[in-house]
J.: 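Dropping the structure in here first, questions after.
Protein chains get the first letters and strands the later ones, always in sequence-line order, with residue 1 at the start of each. This one's a predicted model, so the numbers in the text were calculated from it and none came from an experiment.
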Amino acid sequence: MLDLGWIREHPDEVRRGAARKGIAFDVDALLALDEERRQLIHIQEQAKAEQNALGKQVATLAGDSKQVALTRLKQLKEGVKEHTDRLAPIQQQIDVMLLACPNPPADDVPDGPDDSANVELRTEGTKATFDFQPKDHVELMRQHDWLDVDRAGRLAGSRSYVLKGEAVLLEQAVLRLAMDLIVERGYTMLSVPVIVKEWALRGTAYFPGAEEQTYRIANPTSEDEAFWLVGTSEVSVTALHGGEILDHADLPLKYAGISPCFRREAGTYGKDTRGVYRVHQFNKVEQVVVDVADDATSRQHHADILENAEEMLRRLGLAYRVMAVAAGDMGRGARFKYDLEAWMPGRDAYGETHSATRFRDYQARRLDLRYRDAEGKVRHCHTLNNTVIASPRVLVAFVETHQQADGTIAVPAALQPYLNGRTVLGKA
RNA sequence: GGAGAGGUGGCCGAGUGGUCGAAGGCGCGCGCUUGGAAAGCGCGUACUCCGGAAACGGGGUCGCAGGUUCAAAUCCUGUCCUCUCCGCCA
């Protein structure tokens, strides 16, 4: 969310930002409400001030003068109540609008309505080439009896999967490699709740908007606030310090969450249905940075979390490209977003495996996540996040890239220690 | 699931209707003292909103949301969270 005072000062920037993102937002309506709100507050507070002053005298008065004061106080009370009642719906509308107001994209974000306008910044690694007929990940995993989609469907419906045998060991090896890498880079691992209260999703800017994509818990422990399954541990990790005032000396916070992730994938019928590319439940290591409100610092962190993810892909021996996500495709909260797309031979295309987002203070304001700077001033933090690794999607690129003529999978050196020194997986 | 206790400032902790944004202590900051330090002494130490160029003035906040009252940290209701005991349990 943006600071209302800042919106007042920069209505054109807000208007232009919303337009670039293709999000309808009526800045003028918001500012009109704000104007009305401030007028009401002013009148109401003057009455309150008189009420307080007179109220203090009441205790010392007696007889007629006391009766006069009490009568006046009753009037004042009614006046205050009237203004409070008028203020409440206005404040509520403002709150709703503020939550909906998009973060203007940074100047260097490419323009465009959707992912077709994403810009390829560079490609890294060499796409795998084969002197045999390569198979896609489904064929490969079936050959090794690593995947059971049919029974998974019976158990849990479409977009479910059962990993089996060495595939499970492979997945765990990849996750372990990811954790060791990110710890090596100075991050603290967190194992976090995946069932969270609604404020955490609002605070990270998923709500309002992503309710349709999120599983809701049917029997929550609380009657009045809904519980939801997170689609990424970004939600739990970023919201971890929500409502706190951190000390600048403790910043930056560099966390990495590991958790299962749950996504309804509503509205994607028929899209990416083959194999384990798009599924309802997966496992992910996610990096999150919380630091001071400084754009240069944030940009540096953004470069760093991008590099961490690139190192992960390098260690897995995967070719990939770095994309600058277009304004219309980056979501309401992002200021700038990089996607990493790994080469997937079976799709004969790059497929998204990582998403690195810089928010400025957009999430922190919603989360009330603040810090005290060196001068003692309280400010909202900046937050960023990026995938380290998400499985099983990365396994698509992995097995398709490292397949050999007989269908077995060559294990890159970096992963071998996590597989008891195995250099090849699968059976011919 | 049953029974009970409690949530106050960075921390500990007092406070059962007005003089309480809140005693006292700890911590922290500044100053005095000292050869230097400790001790000691003094001063200062929450967040937020509105008005104002500022100085400053005012509103709100004692888990959260309502209610009673001229007036609520204090009374009432609901709710969230924490702790203890019993039950169940990976």
Side-chain angles (χ1 to χ4, degrees), chain A residues 1-9 30-99 191-203 217 219-228 236 239-251 253 259-260 293 361 364-381:
Chain A
M1 140 174 109
L2 300 174
D3 177 44
L4 186 50
W6 186 86
I7 297 174
R8 269 201 300 264
E9 307 292 314
L30 175 62
L31 293 181
L33 284 168
D34 177 45
E35 183 60 35
E36 198 179 346
R37 164 180 157 270
R38 284 188 293 159
Q39 278 174 15
L40 282 170
I41 285 177
H42 196 64
I43 300 168
Q44 184 216 40
E45 287 190 351
Q46 280 177 338
K48 271 229 131 137
E50 188 183 346
Q51 199 181 13
N52 287 341
L54 195 56
K56 275 180 187 161
Q57 293 172 28
V58 164
T60 66
L61 298 175
D64 284 352
S65 53
K66 181 162 187 172
Q67 286 313 309
V68 170
L70 287 178
T71 306
R72 174 67 183 148
L73 279 167
K74 267 214 157 104
Q75 286 174 3
L76 286 167
K77 190 190 180 189
E78 278 163 24
V80 167
K81 180 160 165 42
E82 188 200 321
H83 282 96
T84 306
D85 289 346
R86 282 173 62 190
L87 203 51
I90 292 170
Q91 186 62 53
Q92 204 173 359
Q93 285 178 67
I94 290 174
D95 291 344
V96 168
M97 288 194 83
L98 278 178
L99 285 178
S191 176
V192 290
V194 294
I195 302 173
V196 300
K197 296 185 187 178
E198 196 162 310
W199 69 262
L201 286 148
R202 244 191 337 265
I217 302 290
N219 48 351
T221 54
S222 162
E223 301 274 319
D224 60 11
E225 189 171 18
F227 283 70
W228 302 76
S236 313
L240 184 65
H241 293 281
E244 296 182 26
I245 299 176
L246 306 166
D247 189 331
H248 71 279
D250 297 329
L251 299 175
L253 300 178
S259 82
D361 58 3
R365 281 185 185 279
R366 291 168 165 250
L367 290 166
D368 198 22
L369 170 57
R370 294 173 294 174
Y371 71 101
R372 199 181 300 277
D373 70 14
E375 284 77 49
K377 197 169 180 315
V378 176
R379 321 173 64 124
H380 287 94
C381 298

J.: Heavy atoms, side chains only, cut-off 4.5 Å: are A/Leu31 and A/Ile7 in contact?
T.: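 Heavy-atom side-chain distance check passes, below 4.5 Å.
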J.: With A/Tyr371 as reference, evaluate A/Ile245, A/Leu253, A/Leu246 under the side-chain contact (heavy atoms from CB on, under 4.5 Å) test and give the passing residue.
T.: A/Leu246
J.: Examine B/C70: is either OP1 or OP2 under 4.0 Å from a nitrogen or oxygen in the side chain of A/Lys74? Give yes or no.
T.: yes
J.: Take atom CG of A/Asp247 and atom P of B/G27, then tell me their distance rounded to the nearest Å.
T.: 18 Å
J.: By the 4.0 Å heavy-atom rule, please label A/Arg72 as base, sugar-phosphate, or nothing.
T.: nothing
J.: Should A/Lys77 be listed as having a side-chain N or O under 4.0 Å from OP1 or OP2 of B/A71?
T.: yes
J.: Measure the distance from CG on A/Leu40 to C1' on B/C49 and round it to the nearest whole Å.
T.: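 Those two atoms, CG and C1', are 14 Å apart.
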J.: Name the closest nucleotide to the A/Gln51 side chain, picking from B/A71, B/C47, B/G18.
T.: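 Taking heavy atoms from C-beta onward, the closest nucleotide is B/A71.
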J.: Looking only at atom P, what distance separates B/A22 and B/G58, rounded to whole Å?
T.: 14 Å
J.: Side-chain N or O of A/Arg37 less than 4.0 angstrom from OP1 or OP2 on B/C50?
T.: yes
J.: Using atom P in both nucleotides, what's the gap between B/A23 and B/U19 to the nearest angstrom?
T.: 13 Å
J.: Starting from C1' on B/C49, measure out to CD1 on A/Ile90 and report it in whole angstrom.
T.: 16 Å
J.: Using a 4.5 Å cut-off on heavy atoms from C-beta on, say whether the side chain of A/Val196 contacts that of A/Val194.
T.: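 SC-SC contact between A/Val194 and A/Val196 ruled out.
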J.: Tell me every residue that passes ring-ring contact (aromatic ring centres under 6.0 Å, His included) with A/His380, counting only those two or more places apart in sequence or in another chain.
T.: none
J.: Using the P atoms only, state how far B/C50 lies from B/A71, rounded to an integer number of Å.
T.: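 So the two P atoms sit 25 Å from each other.
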J.: Determine the interatomic distance between C1' on B/G10 and the same-named atom on B/A46; round to the nearest Å.
T.: 9 Å
J.: Please compare A/Arg8 and A/Val58 by the position of their nearest nucleotide in RNA chain B and report the one closer to 5'.
T.: A/Arg8
J.: Strictly by modelled atom types, are A/His241 and A/Glu244 linked by a side-chain donor-acceptor pair under 3.5 Å?
T.: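 There is such a pair (donor and acceptor under 3.5 Å, judged by atom type) between the side chains of A/His241 and A/Glu244.
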J.: Could you tell me the separation between the CG atom of A/Asp34 and the P atom of B/C49, rounded to a whole number of Å?
T.: 12 Å
J.: Restricting to non-hydrogen atoms, name the atom on A/Leu33 and the atom on A/Ile90 that form the minimum distance, rounded to 0.1 Å.
T.: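 Shortest heavy-atom separation between A/Leu33 and A/Ile90 comes out as O-CG2, 3.7 Å.
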J.: Which value, in whole Å, describes the distance between the P atoms of nucleotides B/U34 and B/U48?
T.: 41 Å
J.: With the side chain counted from C-beta on, respond yes when A/Val96 and A/Gln93 share a heavy-atom pair under 4.5 Å apart, and no when they do not.
T.: no
J.: With a 4.5 Å cut-off on side-chain heavy atoms, are A/Gln92 and A/Leu87 touching?
T.: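 A/Leu87 does not reach A/Gln92 side chain to side chain.
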J.: Nearest whole Å is fine: how far is B/C49 P from A/Asp368 CG?
T.: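 That distance rounds to 10 Å.
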J.: Please report, to 0.1 Å, the donor-acceptor pairs under 3.5 Å made by any side chain of residues 74-83 of chain A, with sequence neighbours excluded.
T.:
{"residue": "A/Gln75", "atom": "OE1", "partner": "A/Arg72", "partner atom": "NH1", "Å": "3.0"}
{"residue": "A/Lys81", "atom": "NZ", "partner": "A/Asp85", "partner atom": "OD2", "Å": "3.3"}
{"residue": "A/His83", "atom": "ND1", "partner": "A/Gly79", "partner atom": "O", "Å": "3.0"}

J.: Looking at A/Arg372, I'd like to know whether one of its side-chain N or O atoms comes within less than 4.0 Å of OP1 or OP2 on B/A46.
T.: no
J.: Quick check on A/Ile195: does its CD1 atom have over 12 non-hydrogen neighbours (other residues, nucleotides or ligands) under 6.0 Å away?
T.: no
J.: B/C47 P sits how many Å from A/Leu369 CG, rounded?
T.: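 It works out to 16 Å between those atoms.
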J.: Using side-chain heavy atoms (C-beta onward) and a distance below 4.5 Å, is A/Leu4 in contact with A/Asp34?
T.: yes
J.: Taking 4.0 angstrom as the limit, do A/Arg372 and A/Asp247 come out as a salt bridge?
T.: no
J.: Check RNA chain B against residues 91-98 of chain A and give the residues with a non-hydrogen atom under 4.0 Å, in numerical order.
T.: none
J.: In whole angstrom, give me the gap between the C1' atoms of B/G13 and B/G17.
T.: 22 Å
J.: By nearest atom, which of the nucleotides B/A46, B/C81, B/U48 is closest to the A/Val378 side chain?
T.: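 That would be B/U48.
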J.: Could you work out the separation of B/G60 and B/G66 based on their P atoms and round it to a whole Å?
T.: 15 Å
J.: Would you please name every residue forming a salt bridge (Lys or Arg N to Asp or Glu O under 4.0 Å) with A/Arg370, sequence neighbours left out?
T.: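 Scan of A/Arg370 (salt bridge (Lys or Arg N to Asp or Glu O under 4.0 Å), adjacent residues dropped) gives A/Asp368.
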J.: Using a 3.5 Å limit on both distances, find every run of at least three consecutive Watson-Crick or G-U pairs that involves RNA chain B.
T.: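 Consecutive-pair runs (3 or more) involving RNA chain B: B:1-7 with B:80-86, B:10-12 with B:24-26, B:27-32 with B:40-45, B:46-51 with B:56-61, B:63-67 with B:75-79.
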J.: Which value, in whole Å, describes the distance between the C1' atoms of nucleotides B/C20 and B/G2?
T.: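 Between the two C1' atoms, the distance is 39 Å.
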J.: Considering just the side-chain nitrogens and oxygens of A/Arg370, establish if one lies under 4.0 Å of OP1 or OP2 belonging to B/C47.
T.: no
J.: Rounded to the nearest angstrom, tell me the gap between atom NZ in A/Lys56 and atom P in B/G17.
T.: 19 Å
J.: Between A/Asp3 and A/Lys66, just flag the one whose closest nucleotide in RNA chain B comes earlier from the 5' side.
T.: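 Looking at the nearest nucleotide for each, A/Lys66 comes out on the 5' side.
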J.: Generate the contact string for nucleotides 57-64 of chain B. Rules: B means base contact, S means sugar-phosphate contact only, - means no protein heavy atom under 4.0 Å.
T.: -BBS----
J.: Answer yes or no: is there an ion pair linking A/Asp373 with A/Lys377, defined by an N-O contact shorter than 4.0 Å?
T.: no
J.: Expressed in angstrom and rounded to an integer, what is the separation of A/Glu244 atom CD from B/C81 atom P?
T.: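 To the nearest whole Å, that distance equals 17 Å.
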